[in-house]
Amino acid sequence: MSSATIPDLDVIDEPSVAAAVLDPIRARVLSCLREPGSATTVAAALGETRQKVNYHLRALERLGLARLVEDRPRRGLTERVMVASARSYVLSPDVLGESASDPSSVDQLSTDYVLALAARVVREVADLARRARTAGKPLATLAIDTDIRFASTSERSAFTRELTAAVSELAARYHDEGAPNGRWHRVVTLSHQHPTTERTASP
């Protein structure tokens with residue numbers, strides 16, 4: 001596998017795999033393996049011993065987080081060249097089991113509800129994407145991400161009312177409860193203060 005074929009992102013939903021990604025040393029090893037490397041090259045990059053890195057590489061390989069690219073002859077030995085299973089990772093709420101968030105049990109007017117919805121998106125889209133890849137079919141998705149600077153709280157409230165009305169009107173126009181070949185879709189609209197520009201602003 002060349003580095004160009006590595007997926008940009010993988011969602012982890014197994015607790016044992018999540019524990020490996022959260023381990024500081026193994027996380028650093030995975031970061032180095034965004035490009036193919038061996039225990040020798042990764043050890044040099046991290047300032048660790050080859051034996052220690054090789055131990056973690058074996059563990060990552062068993063969990064499916066690292067994959068063999070090639071066996072390369074080196075000084076009379078065979079050097080295993082590995083690559084990470086993805087360039088980056090996201091943890092699914094499923095790793096928490098019964099403690100995972102559930103939007104239906106959270107106050108819809110709270111910030112916790114926003115987080116619960118975002119967590120549900122990770123869980124559901126990851127599962128749908130895996131099923132689509134297995135079936136060899138594309139998965140239809142849509143994402144809109146933009147920044148808005150409101151002049152005042154009243155402007156923000158007006159925007160909220162208009163956005164709600166627009167989404168409700170579109171949903172009513174295109175929703176067809178009885179369509180024989182129709183497919184259900186979720187439409188989730190979220191808004192929160194910008195983490196960089198609003199860090200010192202009052203809510």
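Note that the numbering runs from 1 along the sequence shown for the chain. For clarity, every value in this text was computed on a predicted model and none was experimentally measured. What you see below is based on every heavy atom in this structure, not just the backbone, and it leaves out hydrogens, waters and symmetry mates.
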Extract all donor-acceptor atom pairs below 3.5 Å that involve side chains of residues 161-176 and protein atoms in other chains or at least two apart in sequence.
from   : atom 1 : to     : atom 2 : distance (Å)
Thr164 : OG1    : Thr160 : O      : 2.8
Ser168 : OG     : Thr164 : O      : 2.8
Glu169 : OE1    : Arg173 : NH2    : 2.8
Glu169 : OE2    : Arg173 : NE     : 3.2
Glu169 : OE2    : Arg173 : NH2    : 2.8
His175 : NE2    : Glu177 : OE1    : 2.8
Asp176 : OD1    : Gly178 : N      : 3.1
Asp176 : OD1    : Ala179 : N      : 3.2

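Connection of Val114 to Val188 is established within a shared hydrophobic cluster, with ILVMFWY side chains joined at heavy-atom distances below 4.5 Å, either directly or through further cluster members. Residues Val42 and Val21 share a hydrophobic cluster, clusters being chains of Ile/Leu/Val/Met/Phe/Trp/Tyr side chains in contact below 4.5 Å. Cluster annotation: Val122 and Ile12 are assigned to distinct hydrophobic clusters (Ile/Leu/Val/Met/Phe/Trp/Tyr, side-chain heavy-atom contacts under 4.5 Å, transitive). Connection of Leu115 to Val95 is not established within any shared hydrophobic cluster, with ILVMFWY side chains joined at heavy-atom distances below 4.5 Å, either directly or through further cluster members. Each of Leu96 and Val125 belongs to its own hydrophobic cluster when Ile, Leu, Val, Met, Phe, Trp and Tyr are linked at side-chain heavy-atom distances under 4.5 angstrom.
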> Leu190 and Leu117: side chain to side chain contact (heavy atoms under 4.5 Å, CB included), yes or no, with the steps?
Replying inline: CA-CA 9 Å; Leu190 304 176; Leu117 286 176; 3.8 Å; yes
>> Before you tell me yes or no, could you show the steps for Ile6 and Ser85 under side chain to side chain contact (heavy atoms under 4.5 Å, CB included), namely the whole-Å CA-CA distance, both residues' side-chain angles and the distance that decides it to 0.1 Å?
In response: CA-CA 6 Å; Ile6 302 174; Ser85 61; over 6 Å; no
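Within the structure, every pair that satisfies the side chain to side chain donor-acceptor pair (under 3.5 Å) test and touches residues 178-191, not counting sequence neighbours, is listed here: Glu124-Arg186. Residue pairs meeting the side chain to side chain donor-acceptor pair (under 3.5 Å) criterion with at least one member in residues 14-30, sequence neighbours excluded: Arg26-His56.
Looking at residues two or more places apart in sequence or on another chain, you find a side chain to side chain contact (heavy atoms under 4.5 Å, CB included) between Ala66 and Leu33, Leu60, Met82. Listed by chain and residue number, Leu68, Thr78, Arg80 satisfy the side chain to side chain contact (heavy atoms under 4.5 Å, CB included) test with Asp71 (two or more places apart in sequence, or in another chain). With sequence neighbours left out, Arg120 forms a salt bridge (charged side-chain N to carboxylate O under 4.0 Å, His left out) with no residue at all. In this structure, the ring-ring contact (aromatic ring centres under 6.0 Å, His included) partners of Phe159, at least two apart in sequence or on a different chain, are Phe150. Checked against side chain to side chain contact (heavy atoms under 4.5 Å, CB included), Gln108 has the following partners two or more places apart in sequence or in another chain: Tyr113. Shown here are the side chain to side chain contact (heavy atoms under 4.5 Å, CB included) partners of Ser105, two or more places apart in sequence or in another chain: Asp102. Checked against salt bridge (charged side-chain N to carboxylate O under 4.0 Å, His left out), Asp10 has no partners two or more places apart in sequence or in another chain. For the salt bridge (charged side-chain N to carboxylate O under 4.0 Å, His left out) test, residues two or more places apart in sequence or in another chain that qualify with Arg131 are Asp127. Checked against salt bridge (charged side-chain N to carboxylate O under 4.0 Å, His left out), Asp147 has no partners two or more places apart in sequence or in another chain.
The two residues Leu65 and Ala20 come nearest to each other via the heavy atoms CD1-CB, 3.9 Å. When all heavy atoms of Ser92 and Asp13 are compared, the pair lying nearest together is CB-CB, 3.9 Å. For the pair Ala116 and Ser101, the tightest heavy-atom approach, listed with the atom from each and the gap, is CA-OG, 4.0 Å. Of all non-hydrogen atoms in Val81 and Pro36, the two that sit nearest each other are CG1-CB, 3.8 Å.
Counting only N and O atoms by type, the side chains of Arg50 and Thr40 include a donor and acceptor under 3.5 Å apart.
Screening Val53, Asn54, Val29 for a side chain to side chain contact (heavy atoms under 4.5 Å, CB included) involving Glu48 leaves a single residue, Val53.
Thr134 contributes a side-chain N or O that, together with a main-chain N or O of Arg130, makes up a donor-acceptor pair within less than 3.5 Å.
At least one side-chain heavy atom of Leu30 sits under 4.5 Å from a side-chain heavy atom of Tyr89. Using a 4.5 Å heavy-atom cutoff, the side chains of His192 and Thr111 are not in contact.
With rounding to the nearest 0.5 angstrom, the CD1 atom of Ile25 is 10.0 Å from the OH atom of Tyr55. In this structure, CZ on Arg149 lies 13.0 Å from CD on Glu155, to the nearest 0.5 angstrom. Rounded to the nearest 0.5 Å, atoms CZ (Arg34) and CG (Asp8) are 11.0 Å apart. How far CD of Glu35 is from OG1 of Thr41: 11.0 Å, rounded to the nearest 0.5 Å.
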